[in-house]
Number of protein chains: 2
Amino acid sequence: MSEITQLFQYNTLGALMAGLYEGTMTIGELLKHGDLGIGTLDSIDGELIVLDGKAYQAKGDKTIVELTDDIKVPYAAVVPHQAEVVFKQKFTVSDKELEDRIESYFDGQNLFRSIKITGKFPKMHVRMIPRAKSGTKFVEVSQNQPEYTEENIKGTIVGIWTPEMFHGVSVAGYHLHFISEDFTFGGHVLDFIIDNGTVEIGAIDQLNQSFPVQDRKFLFADLDIEALKKDIDVAE
Amino acid sequence: MSEITQLFQYNTLGALMAGLYEGTMTIGELLKHGDLGIGTLDSIDGELIVLDGKAYQAKGDKTIVELTDDIKVPYAAVVPHQAEVVFKQKFTVSDKELEDRIESYFDGQNLFRSIKITGKFPKMHVRMIPRAKSGTKFVEVSQNQPEYTEENIKGTIVGIWTPEMFHGVSVAGYHLHFISEDFTFGGHVLDFIIDNGTVEIGAIDQLNQSFPVQDRKFLFADLDIEALKKDIDVAE
């Protein structure tokens, strides 16, 4: 068998939904586990985008900063992305149409995948989760989130596709973040139109699910799993 | 931080419930990842017990065999067990009473744990899932499973405690298998009474969730996740 590709997930999306926003893993440690991925920052201060081994923060004020190794995150998922399928998208499609095409290349629906889409987007609609205090539910914070739409923008979408069995641990289906080619615009992808671009689908063999084992708030959190899954449906 | 303890799970309990019984990982490979654990065999031919780095099969005809490295399993979970909490149980309790006591030592309900209970059991009630063809649902097979009760038997219970968020991937709560001190009796634990014994609770930092990535039947299986979770509630 070829080399094993491992998706590294730090904490669960469910725990984040519950309001556990304190950053407990450094970007330096996170980037040891992958070069492409998504997540959020301490106090859910915007969206984390990991592209080509570098980490960026898309903040609610519509700015982007590159993150240093000492910055901490409460939740992230990264992978050493290796394209298994690459295809060119040569005509205009919506996000849903492109996602259907991407899934048509999957060998079934039971494995995680990494996704990288580089191209020209007539429309890119994103949100940045705004900074909030731990304990405020994510789904409530997301009701008042800044959203922005840019037109005719070049850039890259990065993210993870999760099989349904892992909903709660992650979000079933696509979890995609965007960053523009000039690193001035980005966020959590809500919807988009793509004109042309290159789509890479990466194979993932294993999930390495890591936990904040020294965070008392996480350890003793009383998580209502079914409610958190519904919150993920709404907020992600 | 001390060394990281990783729970290695091969395939998911949900996929097993769906009738994917073909063995695809060897015992030799499995034992590289842990010395204590549970699982089942190819064609769900009985219960897998991993104790002190050796693998045993408890078959439906009430026999036990030690497994060689070339035998294949469709599902298993093993861990390099390291006791974090050890306590003596010095008076007679039921399984439920002992489980309550064990959980009282947990730091919260959000991490996996390994469990090892060595002692003298006035009652040990186990089942062995009987050999079945792939495609037959596990919950149906389990309706006609051999069950045995032994009295005043010495031995060891091994297993995993799973946080609720991972129900479906595994079974939430306890998944325990038993093997007698003389290696003549064992199976999937249904209930028991313990007179006295030693209980070890192991800390688990990460879940390494592995998939049968070269098994076409798994890759293309149409898994009804909510139904499978209910099947786990009934069968496990």
Checklist line | Proximity of residues 67-86 of chain B to chain A, residues having a non-hydrogen atom under 4.5 angstrom | finding: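 Answer by number: none.
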Check: Above 12 or not: heavy atoms from other molecules or residues under 6.0 Å from NZ of B/K229?
Finding: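 Counting other residues, nucleotides and ligands, NZ of B/K229 exceeds 12 neighbours.
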Just verifying a value: how many Å separate [X] [atom1] and [Y] [atom2], rounded to the nearest 0.5 Å?
X      : Y      : atom1 : atom2 : value
A/L207 : B/Q9   : CG    : CD    : 10.5 Å
A/Q109 : B/L219 : CD    : CG    : 11.0 Å
A/N208 : B/Q6   : CG    : CD    : 5.0 Å
B/Q214 : A/D205 : CD    : CG    : 8.5 Å

Check: Quick one: of B/E226, B/Q209, B/H167, who has the most non-hydrogen atom pairs under 4.5 Å with chain A?
Finding: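 The answer is B/Q209.
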Note to self: How close do B/Q206 and A/S210 get, counting heavy atoms only, and between which atoms?
What the structure shows: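 B/Q206 and A/S210 have their closest heavy atoms at NE2-OG, 3.3 Å.
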Under 4.5 Å between any side-chain heavy atoms of [X] and [Y], yes or no?
X      : Y      : value
A/F166 : B/I225 : no
A/N110 : B/F220 : no
A/E164 : B/L223 : no

Item checked: Residue part contacting chain B, namely of A/A203, when any heavy atom lies under 4.5 Å ->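 When you check distances to chain B, no heavy atom of A/A203 falls under 4.5 Å.
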Checklist line | Region of A/Y10 in contact with chain B, defined by heavy-atom distances below 4.5 Å | finding: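 Contact with chain B involves no heavy atom of A/Y10 at all.
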Check: Which word best sums up how the rings of A/F211 and B/F112 line up, parallel for under 30°, tilted for 30 to 60°, or perpendicular for over 60°?
Finding: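 Tilted: the ring planes of A/F211 and B/F112 meet at 30° to 60°.
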